[in-house]
Asker: 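Here's a structure for you.
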Protein chains: 2
Amino acid sequence: MTPEMIASELRGELMAGVLRPGTDLSQVELAERFGVSRIPIRDALRILAGEGLVDIVANRGAKTISLTPKEVREIYDLRILLECDCLQRAAAAMTPANLEEIDRVRLKSNLDAGGPDWADGDWAFHRVIYTLAGRRRQLAMIEALRRTCVLFVSAYGTMPSKKPRWLGEHDAIVKHLRRGETEQAVLALQVHLDGAATHLLTHMKASTG
Amino acid sequence: MTPEMIASELRGELMAGVLRPGTDLSQVELAERFGVSRIPIRDALRILAGEGLVDIVANRGAKTISLTPKEVREIYDLRILLECDCLQRAAAAMTPANLEEIDRVRLKSNLDAGGPDWADGDWAFHRVIYTLAGRRRQLAMIEALRRTCVLFVSAYGTMPSKKPRWLGEHDAIVKHLRRGETEQAVLALQVHLDGAATHLLTHMKASTG
DNA sequence: TTGAGGGTTAATGTATACATGTATACACTT
DNA sequence: AAGTGTATACATGTATACATTAACCCTCAA
């Protein structure tokens, strides 16, 4: 049980909605649970804090992040900025073989839609596209932002209600890419992300106020 | 000496060029130097790793980051994306009082130009503008990216050679903002950052190969 | 000479014990 | 009765000691 493994485990629970936003993360509890001392737990919490999933306050412990609607909106705006740029760069380097691969991943990810692994499948689709841009840091930043979103999406669990819409938008993006309509593909991605943001914000405001 | 204080101290040395890119950071050495045990040192290193200034490899220690020219280019591209967007949002919310404040900071920062505090002054100028956008996370991301750049800029120390150019570009940005020419201000910022990237890359390639 | 193997050394990683800081509850003052 | 102060309990922070890993060097054989 290395700190990385512990961080990975906690990250999974965070993103699956098991640990809801704002949950206290006690060092002693986690140490008992993972069967280690508090030292590697502290390391794991620092790792997660570095990823922006956990807030650490000196002498007062760690808790999972808790975002205001305004912050959620900002994060989605950042994703739009970074992901649309990534898509544009990817489109410039895209080959027919890439397009086939993308559509294969899309169809496979559709099978996960609505289920517990939906977030993974969705990300697999987006990632296979973004990877073509050859931008490691940008991809890492996008993934970090996406994780914080997933934490909240899972906590509210209302995405399946619009499953056909999300899948249709994925389809639209691929169609535009096939036709070489980069601008429209980028626009479709922007609409896709903006719609997800609006959807999440609606449910956040409705449930907590 | 809390981990935060230690991290802050090391961050300063990194950005001042005292600790050059790729330097090994021994826990025992740092512990002796700061007069604490290795535990708070480990915490400090994790904090810096979260900021992207230090790379930690399990069982093999920590070292200051070392970037390839390709990565430097990517980071500047990300800065262009995030900072231009920030400037655009800031321009939309800008009042005459804000413009005066910005020019005041600009003039003050000119005094630091070429000296050891140049990076601070430069950032003060950019930050006073970006803050108006009201985007905390975006600003934090920009600052993190900027820090990694400063680390390399300091290490090569060739920025003063083009001092008039950088100051002139700051001036141009403010002039465009004054006239309400947002698009041109954004373009000027893009040119400013791209020029800095090109300058740094030229010297990186020339000195190390 | 070169390459593989093992042993030594020095670093990091972890556990335990102790120190410090924070929160809660209760008594006390106003 | 409300607020403040204090004591106690509990969580986090740190130091020391030990375990473990990795790097380095030396030996030995091809």
Side-chain angles (χ1 to χ4, degrees), chain A residues 1-14 18-68 140 148 151 155 208, chain B residues 1-14 18-68 140 148 151 155 208:
Chain A
M1 267 297 171
T2 68
E4 285 76 15
M5 292 165 65
I6 296 168
S8 178
E9 174 68 23
L10 292 174
R11 191 186 299 118
E13 296 181 10
L14 276 162
V18 179
L19 293 172
R20 296 181 68 86
T23 306
D24 281 317
L25 296 172
S26 158
Q27 294 179 9
V28 286
E29 276 182 22
L30 293 172
E32 286 175 12
R33 178 181 148 198
F34 287 102
V36 295
S37 78
R38 281 163 43 221
I39 303 288
I41 298 295
R42 289 170 59 83
D43 283 347
L45 291 174
R46 290 268 186 212
I47 290 171
L48 294 173
E51 295 173 6
L53 294 174
V54 158
D55 283 334
I56 296 178
V57 181
N59 296 317
R60 288 178 60 178
K63 57 174 52 181
T64 62
I65 53 168
S66 179
L67 300 177
T68 64
T148 70
L151 197 157
T208 64
Chain B
M1 266 299 169
T2 69
E4 285 76 15
M5 292 166 65
I6 296 169
S8 177
E9 174 68 24
L10 292 175
R11 191 186 300 119
E13 294 181 9
L14 276 163
V18 178
L19 294 172
R20 296 181 69 85
T23 305
D24 282 315
L25 296 172
S26 158
Q27 292 180 10
V28 287
E29 277 182 23
L30 293 173
E32 287 175 10
R33 179 181 146 195
F34 287 101
V36 296
S37 79
R38 280 163 45 221
I39 303 289
I41 298 294
R42 288 170 60 83
D43 284 347
L45 291 174
R46 290 266 187 215
I47 290 171
L48 294 173
E51 295 173 7
L53 294 174
V54 158
D55 284 333
I56 295 179
V57 181
N59 296 315
R60 286 177 61 179
K63 57 173 51 182
T64 61
I65 53 168
S66 179
L67 301 177
T68 64
T148 70
L151 198 157
T208 64

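Order of the sequence lines fixes the chain letters, A, B, ..., with proteins taken first and strands second; residue numbering starts at 1 for each chain. Just the heavy atoms: all of them, side chains too, but no hydrogens, waters or symmetry mates, feed the values below. What you see is a predicted model, and the numbers here were worked out from it, not measured in a lab.
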Asker: Within residues 57-65 of chain B, find the residues that approach DNA chain C with a heavy atom at under 4.0 Å, and present them sorted by residue number.
Answerer: B:Ala58, B:Asn59, B:Gly61
Asker: Where is the tightest heavy-atom contact between A:Ile47 and A:Ala7, given as atom of each residue plus distance?
Answerer: CG2-CB, 4.0 Å
Asker: Provide the closest heavy-atom pair for B:Pro40 versus B:Pro3 in the form atom of the first, atom of the second, distance.
Answerer: O-CB, 3.8 Å
Asker: Who are the salt bridge (charged side-chain N to carboxylate O under 4.0 Å, His left out) partners of A:Glu13, not counting sequence neighbours?
Answerer: A:Arg33
Asker: What residues form a side chain to side chain contact (heavy atoms under 4.5 Å, CB included) with A:Met1, not counting sequence neighbours?
Answerer: A:Met5, A:Ile6, A:Phe34, A:Val36
Asker: Are any side-chain N or O atoms of A:Thr64 and backbone N or O atoms of A:Val54, one a donor and one an acceptor, separated by less than 3.5 Å?
Answerer: no
Asker: With sequence neighbours excluded, what pairs up with B:Arg60 under the salt bridge (charged side-chain N to carboxylate O under 4.0 Å, His left out) test?
Answerer: none
Asker: Using side-chain heavy atoms (C-beta onward) and a distance below 4.5 Å, is B:Thr148 in contact with B:Leu53?
Answerer: yes
Asker: Taking all non-hydrogen atoms of both residues into account, name the closest pair between B:Pro21 and B:Ser66 and its distance.
Answerer: CB-CA, 4.4 Å
Asker: Nearest heavy-atom pair of B:Arg42 and A:Asp43: which atoms, and what distance?
Answerer: NH2-OD2, 2.7 Å
Asker: Can you list, in residue-number order, the parts of residues 26-51 of chain B that come under 4.0 Å of DNA chain C, counting heavy atoms only?
Answerer: B:Ser26, B:Gln27, B:Val28, B:Arg38, B:Arg42
Asker: First and last nucleotide of DNA chain C in contact with chain A, 5' to 3', at under 4.0 Å to a heavy atom: what are they?
Answerer: C:dT14 to C:dA23
Asker: So, taking the atom named CG in B:Leu45 and the one named CZ in B:Arg38, what distance separates them when rounded to the nearest 0.5 Å?
Answerer: 11.0 Å
